[in-house]
Amino acid sequence: MGSPPPSSAPRPAPPLSRRSVLRGAAGAGAMGLLAACGGRSDAAFHADAGPWRRYAGTTVNFISENTAPTAAIAADLTPFTELTGIRVNIVTLELSALAQKVALDLASGNGEYDVVYADPYQVLAPYAPAFADLREFAEDPGLPRLPGGFGDFIPTHLDAAGRFGGDGKVLALPYDCPTMVWQYRADLFERYRDRMADDLGFDPMPSDDTTWEQYYAIAEWFNDKTDAVRYGTGHQAKQHDALMCDFSNLLWSYGGDYFDGGRRVGRVGTLDPGDCRLDSDAAIEGAAFYQRLLRIADPGSRTWDWDGLGAAFRAGRIAMCPNWHEYAASNEAAMPGKVGYARLPKGPARSAGMYGGTGIAVSDVIPERRRQAAWLFVNWATAPRTQLANLASEVGGGTPTRTSVYGLPRVTEAQHRPSKMANMLSATAVKETWRSDTIGLRPKIPMWAECDTAVYTQLSGMLAGDASPESAMRAATSRIDRIVARGWVN
Amino acid sequence: MTASTTGAGPLEHGGRGSRILVRVLVVTALIWTLVPLGWMLLSSFKPTAEVTAATPDVWFGPTLDNYRNLFSGGNNLGPYLRNSVVAAGCSALLATALGALAGYGLARTKARGKHHLSFWIISTRMAPIAAVVLPIFLIFRTLGLIDTLPGLVLAYLSFNLPFAIWLLNAFFAQLPPALEESAQVAGCTSWQAFRHVILPLTRPGLVTTFVLCLVFSWNDYAFALVLSGPRTQTLPIAASQLVTQTGIDWGQLTAIGTVVVVPMMLVGLAVRRWLVTGLTMGAVTGE
Amino acid sequence: MGSLTTGLRRDGRSSGRRSRIPLPGFAGRMMAPGLLVLAGVSLLPFAAVVIMSFSRVHLLGGLRLEGAGADNWTRLFTDPDMAWAWARTAGYFLLTVGGEMVLGTLLAICLWRLRHGRNAALSLLLLPMFVAPVIVGLLGRFLTDSTFGLYSWLLGQAGYHGDLMGDKTTAFLSVTLMDIWEWTPLVTLIALAGLTSVPSSVLEAASLDGAGMPRTLRHIVLPAIAPVLLVALLIRSMDALRYFDIIWNTTGGGPADATKTASVRLYETAFRFFDFGYAAVTGLLMLAVTTVVARYFVRLLDRKGLAR
């Protein structure tokens, strides 16, 4: 059981092991047969039409998490339908429901969904062989070219959201890119700047040199010295994925990491990440600081995921928090002009901000022409023009994943108030974070969902006072090692 | 519990102290029951900013925006509503019909192992959904039932049918067999005796069964999530879609909550009288 | 589910004149359609779950099962978190079902003794049972949110400034109370149905005897409605173990696993970890436990029914 199962070939023909033939073969056979039937037919095809019109009359099914760019695209699909004659059905779900539907769709052997919102950790890594290599489409002369090529995507995004396993394939195009930044009440920081500097002995304004210890001191200052907010800092520390995200920033900035394999595990992804390193001294130190920080944070933190934290921040309960940069638009709506954004503070080792972006992928368990029709949609949905439209959309506001879009005059203008694209107010902070030495990438391994659960469960225990940082980290380590040793079955 | 008693009045009257206590308890229960629902209803008419105001706000300019957003634009709730009505309604109807037949058969059969059979029937309702959903998905996929309303109806039968059989069996069991026997003496066939003599007597039971099945399937989330597709999403799915990556729109969520809840409440209340008599007849003799 | 019919039970009744040929009679023909549908939607999936529990389940490129012997089952005994999940499940079961039974019965008796407005009160009290569990969960989250939740605010006014969902005990109690909120009405309804069927002559006789209210309740009323209460108990205990919508939508199992019951574990194993083999084992275990509990209640019910 120690070695990972072979799963490199796309669309593996069932390799019948001896055991599987002998045991439960009848049941397996029956269910396999069941799974083989069903599904939809291939796409329409007009060989003589231009590259964008060849699949007119086809319907493309897109399954997505309910994210900003999808909301913007769903609100106005006419440009795509006019361009291609393809109808698009969009199914939006929350992430865990999406992962469930995608897994079942793949299990049926004949996909219902053509374009998949492929969360790198819950979809892409576990089911990488089920997605088409997009380079083939990009190079196919019969298909429209990818504007700007793959190189226009921000490099860390393309690796983190688009690739798995270091074989060079591009399985998904970066589609959204929420990233954790330091969000603070600029109005309060300005008002108390001098008093804080006097009391604390350093300039409190967030800068590249601010450390987590200083962040702690600022938070404590707000707790004790003013009534402008109830607490200095708030966190997303509910027993939930959010807690892992929030903690990871500290883990990395203290020099810890999840696995022996180091940053490669996060950026490229692997089936075999090596031993878990959460029991290292650096990791335990990070955890100890996190515990200390949460003691002075708003006690509501333990009940908040990112959404609860965002609501608390907008309600004026707290002076600052680490949260996803895409909350900038709703922050601006709730308290115009009052919120500032900066890269997260640094620890003894570095500054790290969790990246939570996702790409959209083309399913490989559908017929060829449908894959090509799906590519048209993926190509269009991530194109500069669409990203710009999303940014300006009233319902959306997703942020671009392409370098060229950030260079557009309309976009650079929007980085300063008054801004028509409020999410761009956080652009400087996120662009800082996306550098390869500051981006925070959690392990991209197929069994991450289970490891993630082990991590945030132990952390939640630590915050509840059940365990010391050291024992929580050790417990997480032993669980993760066991999960990884079991290997991944897909 | 009910404490003081002054002498020996009939139960319905009791002492003044205990009468007051009863009223206090009922009022407490009413508050406990109604506050969450009332708050949901109230919040659904609030402007977005006030829904999540830090201090609860009772005076506000009511707005229909949340409802308007639900029924317009990209996420029109209409189809969801229709799917829910059709799937839950058909499933409850089928469950009641099949349940009446099987419940009657079970009540009248003299076959050996009847108790085992009836326990097997009810045990099928205990299956943990998350465990059986994968095989059901694959079977339905083969039969082409994914993303179809018949598929949902069939899936809902898996929990409605055992319940219907079980409940209705109790009704039939407490009707004396002499009823059909005399009808048969008068020249009826077994079917006619069932159809014209027995069935009318169990109308409260049928209504009760139908309504409870309707509620169970209307409220289902787990099956609908897995088995529905773009064309067959139901209301609870729509509710969960409001939980988005960048937050929950609580205004719309309370509105959709109201839309999901109100029809079932109306149905339930319309047949409340039947619910009590229905359960009285059935459950008392429960098998 | 097929295996459940093995003879756990020894029937006390004498088997006098029973037909030797079981089904094809009128009764059999009446049962056939329902039972066939039921078998279709339950036996086949059940068999598949049993097979899955002995397999590694591959999803990619169409489902494949690879024999894994008893691996999944042995893992059950080395899983450090499973025993705790079951302990919490037992606590959750006792608190919710127990609370619902006690409160539901109490409320039914109160309503029954109410001279005016009984129907109106009942109508209003029944409302929660019509609410979809997923909505109950989301509504619970809305009400207990520490920033804008009504209940958090009310508790704050009353001097409690902790966070309901942030503390292990209060989080557990909160999800328990949400379940009680939703399902007490069902018990009330069933118990009230039982109460209204208690013949008034019995009560009059009791009052003539000079029996006080508590004694009448205890010796006359409760025994009379005991079978009905058992029905309520059975319905609730079948669902109490299965449903997880409320917990999933409020705490997600936290904090520090305080609300992670077996059904939450099952859902997580199946649809977060996609470990369907182990999920099958968890599911079968849950089914077995529910069956044993239900079996016990059914036998109790038979005995009560006979005693009457």
Side-chain angles (χ1 to χ4, degrees), chain B residues 2 5 8 10-11 14 22 25-26 29-30 33 36-37 39-40 52 54 56 98 101-102 104-106 108-112 116 120 123-128 130-132 134-136 157-158 161 165 190 215 219 221 236 239 250 253 257 260-261 264-265 268-269 272 276 279-280 283-284 286, chain C residues 1 4-5 18-19 22 26-27 30-31 33-35 37-38 41-42 45 48-49 107 110 113-114 121 123-125 127-128 130-132 134-135 138-139 142-143 147-148 150 153 190 193-194 196-197 203 207 210 212-213 227-228 231 238 242 266-267 270 276 279-280 283 286-287 290-291 301:
Chain B
T2 40
T5 49
L11 267 175
V22 161
L25 284 175
V26 170
L30 278 171
T33 302
L37 295 172
W39 192 247
M40 177 169 82
T52 53
L98 292 174
L101 296 181
Y104 179 72
L106 191 63
R108 291 296 183 255
T109 184
K110 298 189 179 67
R112 225 192 306 186
H116 295 317
W120 170 73
S123 74
T124 59
R125 196 176 184 277
M126 303 171 196
V132 294
L134 177 66
I136 288 188
L157 276 182
S158 73
L161 191 52
I165 297 178
S190 298
V215 171
N219 289 346
Y221 174 72
W250 287 107
L253 194 75
V260 175
V261 165
M264 285 306 102
M265 286 183 176
L269 293 187
R272 191 211 68 236
V276 179
L279 285 167
T280 314
V284 172
Chain C
M1 282 148 260
L4 301 177
T5 54
R18 272 191 192 165
S19 158
F26 179 67
M30 294 286 274
M31 281 190 279
L35 293 191
V37 172
L38 200 54
V41 291
S42 71
V49 172
L107 206 52
C110 287
R113 297 196 58 209
L114 210 59
S123 301
L124 293 173
L125 287 174
L127 294 180
F130 301 115
V131 183
V134 65
I135 300 284
L138 290 167
L139 188 58
F142 181 59
L143 289 168
T147 305
F148 51 80
L150 177 68
W153 183 82
I190 296 175
T196 47
S197 72
L203 298 176
S207 67
M213 181 66 209
V228 198
V231 171
M238 283 191 304
R242 291 193 320 157
L266 168 62
Y267 183 78
F276 284 102
M286 273 177 62
L287 182 60
T290 321
T291 310
L301 191 60

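Only this structure's heavy atoms are used, side chains among them; waters, hydrogens and symmetry mates stay out. In the text below, chain A, chain B and the rest are named by the order of the sequence lines, each starting its count at 1.
When each of B:Ala239, B:Pro236, B:Ala29 is checked for heavy-atom pairs under 4.5 Å with chain C, B:Ala29 comes out on top. Ranked by heavy-atom pairs under 4.5 Å with chain C, the first of B:Arg108, B:Met40, B:Arg272 is B:Arg272.
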Practice task
Check step by step if side chain to side chain contact (heavy atoms under 4.5 Å, CB included) holds for B:Val22 and C:Leu114.
Solution key: CA-CA 7 Å; B:Val22 161; C:Leu114 210 59; 3.8 Å; yes
Exercise for the section: Take B:Leu106 and C:Met30 through the test side chain to side chain contact (heavy atoms under 4.5 Å, CB included) and record every step on the way to the result. Expected result: CA-CA 8 Å; B:Leu106 191 63; C:Met30 294 286 274; over 6 Å; no
Practice task
Start with the C-alpha gap between C:Val134 and B:Val260, add the side-chain angles, then the distance that decides, and say whether side chain to side chain contact (heavy atoms under 4.5 Å, CB included) holds.
Solution key: CA-CA 10 Å; C:Val134 65; B:Val260 175; over 6 Å; no
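When all heavy atoms of B:Pro128 and C:Gly283 are compared, the pair lying nearest together is CG-O, 3.4 Å. Nearest approach of C:Phe130 to B:Gly268, heavy atoms of both residues: CZ-CA, 3.5 Å. Across C:Leu127 and B:Leu269, no two heavy atoms sit closer than the pair CD2-CD1, 4.0 Å. The two atoms that bring B:Pro36 and C:Leu139 nearest to each other are O-CD2, 4.0 Å, heavy atoms only. A pairwise comparison of heavy atoms in B:Leu161 and C:Gly34 identifies CD2-O, 3.3 Å as the closest pair. When all heavy atoms are compared, the tightest approach of B:Arg125 to C:Met238 is NH1-CE, 4.0 Å.
At a 4.5 Å heavy-atom cutoff, the contact between C:Leu38 and chain B is made by backbone and side-chain atoms alike. Heavy atoms closer than 4.5 Å to chain B are found in the side chain of C:Phe276, but not in its backbone. The contact between C:Ala270 and chain B is made entirely by side chain atoms (from C-beta outward), counting heavy-atom distances below 4.5 Å. Heavy atoms closer than 4.5 Å to chain C are found in both the backbone and the side chain of B:Leu30. Contacts of C:Leu107 with chain B are made by side-chain atoms alone, with heavy-atom separations under 4.5 Å and no backbone atom involved. Proximity to chain B is limited to the side chain of C:Leu143, based on heavy atoms less than 4.5 angstrom apart.
The line from CG of C:Leu35 to CG of B:Leu98 is 9.5 Å long, rounded to the nearest 0.5 Å.
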